[in-house]
Student: 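Following this message is one structure expressed as structure tokens.
Keep in mind that the numbers below use all heavy atoms, side chains included, and drop hydrogens, waters and symmetry copies.
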Amino acid sequence: MPHRIRDTGVRATRLPRSPRVLLLVDFIAPLDFPGAGQLAARAVAAARATAALKRRLRDEGVACVYANDNYGVWQSDFHSQVSSCLGLDGAPAEIARLLYPQADDITILKPRHSAFYGSPLEILLAEMDTSELVICGMAADMCVQMTAADAFLRQYRTWVPSDCTAAETEEAKAGALAYMASVLKCDVQPADGTAPPRAPRP
């Protein structure tokens, strides 16, 4: 089982129990960094596949957690970032429209690459009795891979659908997926409409 946080006696009142969680990493982004031009079209394609997967998993009762970069602005909040991206042109707005959060989705901001580092994610997953993660997002060779590595260390079963991630080049994405499959023991089969079998425990 994944590592459990020490019981403090405090119980969340609104967090759902969700043995499997869909974790969306850094999809809500202005894409204004060097290399973003190479990433944009691939990110939109990944967002389309992720939106379809999100609808299917939602029907199965799977909770969704957005883990997004705060871009170094500690006064920021996730919904302001969504609104900002919706006001932009091109890929950032299209991705925000495709993956606009529902009222019961959970949102957190992260300060570094991994969704676990310096964020409340581990506590949230413990409260939801989560043992399996479905990680989608960008970039496959950066934040997604580092999040998968932290999930591996915490003994979560992990599925990283190959068509629900993006990187600046196909070579970078392929290398990241190969590493996550061989070293981090992730299932990387695409989200083709059939949920994968339970991934092997790390």
Student: Kindly write out the residues that satisfy side-chain hydrogen bond (donor to acceptor under 3.5 Å, both in side chains) with E170, not counting sequence neighbours, or none if the list is empty.
Tutor: R42
Student: What verdict does the side-chain contact (heavy atoms from CB on, under 4.5 Å) test give for K54 and L24, after you've listed the backbone C-alpha separation in whole Å, the side-chain angles of each residue and the deciding distance to 0.1 Å?
Tutor: CA-CA 10 Å; K54 184 173 186 273; L24 305 188; 4.3 Å; yes
Student: If every non-hydrogen atom of L99 is compared with every non-hydrogen atom of Y66, which pair is closest and at what distance?
Tutor: O-OH, 2.6 Å
Student: At their closest point, which heavy atom of I28 faces which heavy atom of A96, and how far apart are they?
Tutor: CD1-CA, 4.0 Å
Student: What are the two closest non-hydrogen atoms of C143 and M138, and how far apart are they?
Tutor: CB-O, 3.9 Å
Student: Cluster question for you: counting only ILVMFWY and a side-chain heavy-atom cut-off of under 4.5 Å, with indirect links fine, are L15 and V65 together?
Tutor: yes
Student: Mind checking side-chain contact (heavy atoms from CB on, under 4.5 Å) for F116 and listing every partner two or more places apart, or none if nothing turns up?
Tutor: S114, L121, E122, L125, L133, T147, D150, A151, R154, Y156
Student: Heavy atoms only: give me the nearest V144-C136 pair and the separation to one decimal.
Tutor: CG2-C, 4.5 Å
Student: Within this structure, what is the CD1-CG distance for the pair I106 and L22, rounded to the nearest 0.5 Å?
Tutor: 11.0 Å
Student: Apply side-chain contact (heavy atoms from CB on, under 4.5 Å) to the pair V134 and V62, showing each step before the final yes or no.
Tutor: CA-CA 10 Å; V134 182; V62 174; 5.8 Å; no
Student: Determine, using the 4.5 Å side-chain heavy-atom cutoff (strictly less than), whether V25 and M142 are members of one ILVMFWY cluster.
Tutor: no
Student: For a quick test of reading the model, state the closest non-hydrogen atom pair linking I108 to S119 and the distance between them.
Tutor: CD1-OG, 3.7 Å
Student: Under the rule for side-chain contact (heavy atoms from CB on, under 4.5 Å), what residues qualify as partners of A49, not counting sequence neighbours?
Tutor: D163, C164
